[in-house]
Structures are given as structure tokens and as C-alpha cells.
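Structure, as C-alpha cells:
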2 protein chains.
Amino acid sequence: MATIKEVASKAGVSIATVSNVISGRIPVSPHLKQRVLEAVRALDYHPNHIARSLKVRQTHMLGMIIPDITNPFFPEIIRGAEEAARERSYLLITVNTDERVEREQNALAALRSRRVDGFLIAIAPGDGTIEHIRNAADSGTPIVFLDRVPPGIGVDSVVVDNVRGARECVRHLVRMGHQEIAIITGSLSLGIGRQRLEGYQEALSEAGIEYNPALVFEGDFRETSGYRLGKQIAFRQHLPSAIFVCNAMMTVGVLQALDEAGVHCPRDIALATFDELPFGRAFHPLLTCVAQPTFDLGFKGASMLIDRIEGKLTGGPVTIQLPAELSIRESTAAAGLNRARFTA
Amino acid sequence: MATIKEVASKAGVSIATVSNVISGRIPVSPHLKQRVLEAVRALDYHPNHIARSLKVRQTHMLGMIIPDITNPFFPEIIRGAEEAARERSYLLITVNTDERVEREQNALAALRSRRVDGFLIAIAPGDGTIEHIRNAADSGTPIVFLDRVPPGIGVDSVVVDNVRGARECVRHLVRMGHQEIAIITGSLSLGIGRQRLEGYQEALSEAGIEYNPALVFEGDFRETSGYRLGKQIAFRQHLPSAIFVCNAMMTVGVLQALDEAGVHCPRDIALATFDELPFGRAFHPLLTCVAQPTFDLGFKGASMLIDRIEGKLTGGPVTIQLPAELSIRESTAAAGLNRARFTA
DNA sequence: TTGTACGCGTTATCAG
DNA sequence: CTGATAACGCGTACAA
């Protein structure tokens, strides 16, 4: 690959002049500029960002750590973050941890070695060891948490109002006449898992419905746990009249389980889910869900991170809380109550 | 961030010794090794990969360029590629182009500036300008194409046997008694788009069914085009008895369109799709599809690329062709022929 | 095993 | 406005 020296030599100028043309920071006479640009094109010159990073001590790279790239929730976040990064000429590097803390640690180490300018992190569920994250924060690298925030660490974050979203969704179920509402939670070692459960509890309590632990099934946000717990619910001696599932991946599993068990939604049971599958438009029945502002989560997170990096945001930790929006659809239409029959 | 010098000083050894401990290339006495490791931990030292890259002239980074991260086909490929990269300690950097050639060019330039050791590329549809790719290839950086290969450039690739996959799928439709089979193609400026159409044509020809251009609808692999063309088909004066859709994203659109038009699958029309939605298990009806080996595509692509980079693979371009597998499910069950009624 | 000079490609600084 | 040159942090190679 051509170097700045070769360009300079080809254009008959000094390397400093080439550098000035490329960066545009210091004006160069049109005549020389022209010659430089020609040499750049002729040699297919691409400035060596590595050398540049070494010198300026920043890489213009953002490290993003997410737990599950096969959950469509995250690709949307990535798109948002990538868009913000692109606009401000940062490169986003995303690493997937498969919900494993050990991979999260490795990813963090790899990205710190690469000297990314900042981190966007959605943590994996774990036993609460966040030493690796605390270390990164202590090193002075800005961090913004996305969606999932570990406890006891004061950094920026962009999150969803999980409690409210869950509450409104369960309220809707109650309004539809449901008294016996099962919940399939996410990992309760995660704040978002607990918050959604909390919203569920609040909605029940408001309605004067007693909280029944036997209706609480703890999943892990992955499809297989939805499938497993869905089966468990379907084969209970007594079917609840509704299920509130705490994310869309698990809902896919639940749908399959119900289907195999011959339980029809919404005729036999109502289903509502936190989080939306982008492909839900093709589902039958259409799912009542709490849609999250995924793109925005990523976009705002990356924007905030870059502001921190560039010193445009100073002072204590900032938390941006985004609302989630309830969409009422077919899956909660008079279900399980045998008041009406619904055919998709 | 701590430097190798600080570690050396803290451990009371030379930087060369620290370097040797870290890299493990030259043995160091257990005693000193221990002291170095302690210092590393105490200082939370992370080797500066930037400086290292500048010296050794390789970054251990793989650049991946994909057209649509919201199409679940690609996250699976990313997982595969990332897995292969991780195992061989490379870092995968993925950039999404939103199917836009202009972004592809920018991505390529950015990654070349970053001096990635090689490229994994699934091209965006365009007017055939592949100068940017040819330049990258000419610069000596290894490239492996994934799934989508531009014409007229001799580089490695990992692809799917599209012709055969499509042919078998349409054959199945023919076997089910369909004579009038519409096709919603992908972008025909892409090889994969043309190949799937070719498979369709072959299957028809085998069966002695005349090829009818009026049944060919050109989409672009995105959901909205499926929706639009689905509507078009649904409102034709004469409904075909089956549709073969060339990828799953478009199928989601088609399903929605049929639904809105009151056309029921499989009762009124059969549907088969190339490519599988991972969430298809929750669909009604379950979709007959040609499943692609997505993870493998990514894994094999990245493995091959790293082999090239490390000189373990030499010689002319290699193409790995992976089979796609037909899964027959409910959406093609005796449809449109009014021979039977099927209720999901 | 250690010390150390050297170079990697760039940018920043300062002298012309 | 242009050019010469010293960093940036590390890996390598050598001599001690």
C-alpha cells in the first residue's frame, strides 16, 4: 500500500503538504493541492489510520459489546449506533458475547488493546462480577450502557422504561378481563429482567389481583427457554388465561410450544410480549407487544458516547430513559375467556 | 493506560522480558514471569495493539461488509465468521451498507485505511461498478466473497448452490400439482437473484411448463418489495396457484400482503421461499423453504480468508459451494388447488 | 536474560 | 504556505 511519502514524492511536495491536503486543517495552495490529489488517486492511497492513531492517541473507533446478535433487537440497535458513528466518522466495532460473561471479558480486553475511544455495552447476565467493566471505566475510557445496566457503577446509559412498559401491557391484559396472568420473565440477574417483573407486579397490585409466584416462570431471554416454559405452562393442570412474555425471542418459543400442545392463541390463551419481532407482521395472530425504540437506543447511545469522547458532554453520569410503546393486536383479543371466538 | 515500560519497571525487569512473557515466543524463567504477570494485573496493562500493528504490519482484523444487518440471514453469517475469527484470534469488524454501493465504497475505504488484513464481502446490488473492490484486491489484501459474488473478478468465495436449491423447491411445487407458479425474484443485478430465477426456469422446463414472464415479479430482497409485489399478485384477475419467493425477508412482506388481501395460504395459494427466517417456527402456516447454511457460510469464509492471510492457502481462487436444503412444510400443503382444506 | 538503537507512517511543531 | 524532524509505543535484533 502506498504511503504518504510516496504520494509526496509523486506529487513533488513534502509529506507535510500531503498531510495538510488530506486533513484539510491547514490551507494548501490550489496548485499543489491538485497535484497531491492526483497522486493520491493514481497510487490508490489510503492514509494509514494505524500510524495516525499511534500519533494522535485516539482511534476513532467505538467498541460495542452485545449479548446476542441473533436477537433482532440488537441488529436494530447496531444500525442506530452505526448511523450515529458514521455521521461523526467513527467506526463501530461490534462483538457478540452469546450472553457469556467470559466472552464479554475477552471482548473488553481485545477492544481495550485496540484502544477504542469508548464503549457501548449491553451486559451479559452473570453473577454480578463487573471487575472487567469497572477496570475499563477506571482507565478513563468513556462507557455508555445500552438497555442493560449493571448495578453499582456510575456511568452513562440509555435505557428503556421497562417498569412502565410492562405495567401498561399487563394493565391491558387486566382490562381485557384476565385475572390469571402468567409471566415468563427474562434473566432475573439482569435489571431489565427484574424491572419487567416489577411492572407486572404493579399492574396486578393496582387491580387488586393477588401475586401468585406459581405463575412466574423465569427464562433467560432466549428462544429455547420460552419453548421450555411455554410447554410447562401448556401442560399445567390449569391453564392461565394469559401469558406476558418478557421478550420476543422467548415468545417465538412460546408460540411453538403452545402450538405443539394444541393450545390456540388467542382462543385458549392470550399472549402479550415485551419487545417486538420485526417479522411479527407475518405472524398469526398478530402479537400484542410493547415495542422498544431500538434504533434510537443505539443512535442516542453512540451520540452520547461520542459527546463524552470529544468533551462535549462533561459532568456526572447521564441516563436517558426512552419510552416503550404498547401495541394492542390480535393475540389478546378476548382470549381464554371463551367470550368470543377469533379466527385468524 | 499503562505501557510496557511501566510494567517492566514495576516488575523490575526489562521491556524485552515483558514482551517475551506477553507473547510467549521466548521462554522466561518462572520467577520473572510471575513478577511480570503480577505487574500486568496490578497495572491493568493491555498491550497497545496499535503500536504493535504498526511494527508488525498486520492488524489481526478482518473487515466484513454486508448489505443488510436487519435481514437475519446476515447476523447468522456474522456469528459464523466471528467464531472462526475468535478461534484464530482475529477481530471481526462488520459494516452494514444498507444495500447501497456508495456506502460499500466508503466502508471499503475506511477499512483499508484501518489496514484490515482481509475482507469478507457480500456485495450490494448496483450497476456493476466494482472498481473499489478491484482496487482493494489489487492492493494485495485478500478478499473472500460471501454468498454474493460480483462477476469478472477472480477471488475466493463461499456461496450457496442457488440454482439447485431453487430448482428443487420449484420441483416440489410442480409435484404438488402446481402449473401456474409465480416467482418473486431478488435483485436481478445480483448473481444470486439470477441464479434462483434460473433454478425456477429449469424446474418448469423439466416439467414441460411454459415459462410465463407475466408470472415473474422482480423484487430487491427487502421486505417492502415483497409486500408490494404480494399485493400485485393478490389483486391479479387470476391468482396463480403458488408463489416462489426468493428470500425470507420478502416472504414476510408477501405474507402480510396476502393476509390483507384476504388470500389464505395454503388454502388459496401455496407459498415456498428460498432462505429461512429463524423465527419461522412461530409462523402459521409453517413455511416450506430452502434453508441456507448461514453459520457455515460465515465460518468457512472467515477460515478461508485467514488461511489466505497466513499463507496457508496459496494458488488460484477457490470457490466453496454449499448446498441449500429444502424443508417441506405446511405452506405448500395441497394449496390453491382446492383439493383439500387445511387449517393451521 | 538485559539494554538499547531502530523503524513502522503519521502528525505537530517550528523554522524558513 | 512549505519543509524538516521529533515524537507516538512497541517489536526486533543485536551485543553484552
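No hydrogens, no waters, no symmetry mates; every other heavy atom, side chains included, goes into these values. First the proteins, then the strands, lettered A, B, ... as listed; each starts at 1. The shown structure was predicted, so the numbers you read here are calculated from the model rather than taken from an experiment.
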**Asked** Tell me: CG of A/Asn48 to P of C/dC8, nearest whole Å?
**Response** 12 Å

**Asked** Separation of B/Arg115 atom CZ from C/dC8 atom C1', in whole Å?
**Response** 12 Å

**Asked** Of the candidate nucleotides C/dT11, D/dC10, D/dC1, which contains the atom at the shortest distance from the side chain of A/Ile4?
**Response** C/dT11

**Euclidean distance, atom CG of residue B/Leu54 to atom C1' of D/dC10 [Å, nearest integer]** = 9 Å

**Asked** Expressed in angstrom and rounded to an integer, what is the separation of B/Ile15 atom CD1 from C/dC6 atom P?
**Response** 15 Å

**Request:** Give the nucleotide from the list D/dG9, D/dG11, C/dA12 with an atom nearest to the side chain of B/Ser19.
**Result:** D/dG11

**Prompt:** Below 4.0 angstrom from OP1 or OP2 of C/dG9, is there any side-chain N or O of A/Arg52?
**Reply:** no

**Message:** Nearest to the B/Lys55 side chain among C/dA12, D/dC10, D/dT2, which nucleotide is it?
**Reply:** D/dC10

**Prompt:** Just to confirm, is there a sub-4.0 Å distance from OP1 or OP2 of D/dT2 to any side-chain nitrogen or oxygen of A/Ser29?
**Reply:** yes

**Message:** With a 4.5 Å cut-off on side-chain heavy atoms, are B/Gln292 and B/Phe73 touching?
**Reply:** yes

**Item:** B/Tyr90 and B/His60 aromatic ring geometry - parallel, tilted or perpendicular at 30°/60° bounds
**Value:** parallel

**Message:** Output the rounded distance in Å from CZ (A/Arg25) to C1' (D/dC1).
**Reply:** 17 Å

**Prompt:** Should B/Ile121 and B/Leu108 count as side-chain neighbours, where that means a heavy-atom distance under 4.5 Å?
**Reply:** yes

**Request:** Using a 4.5 Å cut-off on heavy atoms from C-beta on, say whether the side chain of A/Thr94 contacts that of B/Thr94.
**Result:** no

**Asked** Contact class for A/Pro30 vs. all strands (heavy atom < 4.0 Å): base, sugar-phosphate, or nothing?
**Response** nothing

**Message:** Is there a side-chain contact between B/Asp147 and B/Thr294 in this structure, where contact means two heavy atoms from C-beta onward sitting under 4.5 Å apart?
**Reply:** no

**Request:** Using a heavy-atom cut-off of under 4.0 Å over every strand shown, decide if B/Ile50 touches base, sugar-phosphate, or nothing.
**Result:** nothing

**B/Val56 side chain, from C-beta outward: closest of C/dA12, D/dG11, C/dG3** = D/dG11

**Asked** Closest nucleotide of DNA chain C for B/Ala16 versus for B/Ala51: which of these residues is on the 5' side?
**Response** B/Ala16

**Message:** Side chain of A/Val28 only, heavy atoms from C-beta on: which candidate in D/dC8, C/dT10, D/dT2 is closest?
**Reply:** D/dT2

**Asked** Where the side chain of B/Tyr45 is concerned, which of D/dC10, D/dT12, D/dG9 is the nearest nucleotide?
**Response** D/dC10

**Request:** Whole angstrom is fine here: how far is it from CD in A/Gln58 over to P in C/dA12?
**Result:** 10 Å

**Request:** May I ask you to evaluate whether A/Thr17 reaches the phosphate of D/dG3, defined as a side-chain N or O under 4.0 Å from OP1 or OP2?
**Result:** yes

**Prompt:** Nearest-Å distance, CZ (B/Arg114) to P (C/dT10)?
**Reply:** 14 Å

**Asked** Is the closest side-chain donor-acceptor distance between A/Thr141 and A/Ser139 under 3.5 Å?
**Response** yes

**Asked** Nearest-Å distance, NZ (B/Lys5) to C1' (D/dC8)?
**Response** 10 Å

**Prompt:** Closer than 4.0 Å, any side-chain N/O of A/Arg57 to the OP1 or OP2 of D/dG9?
**Reply:** yes

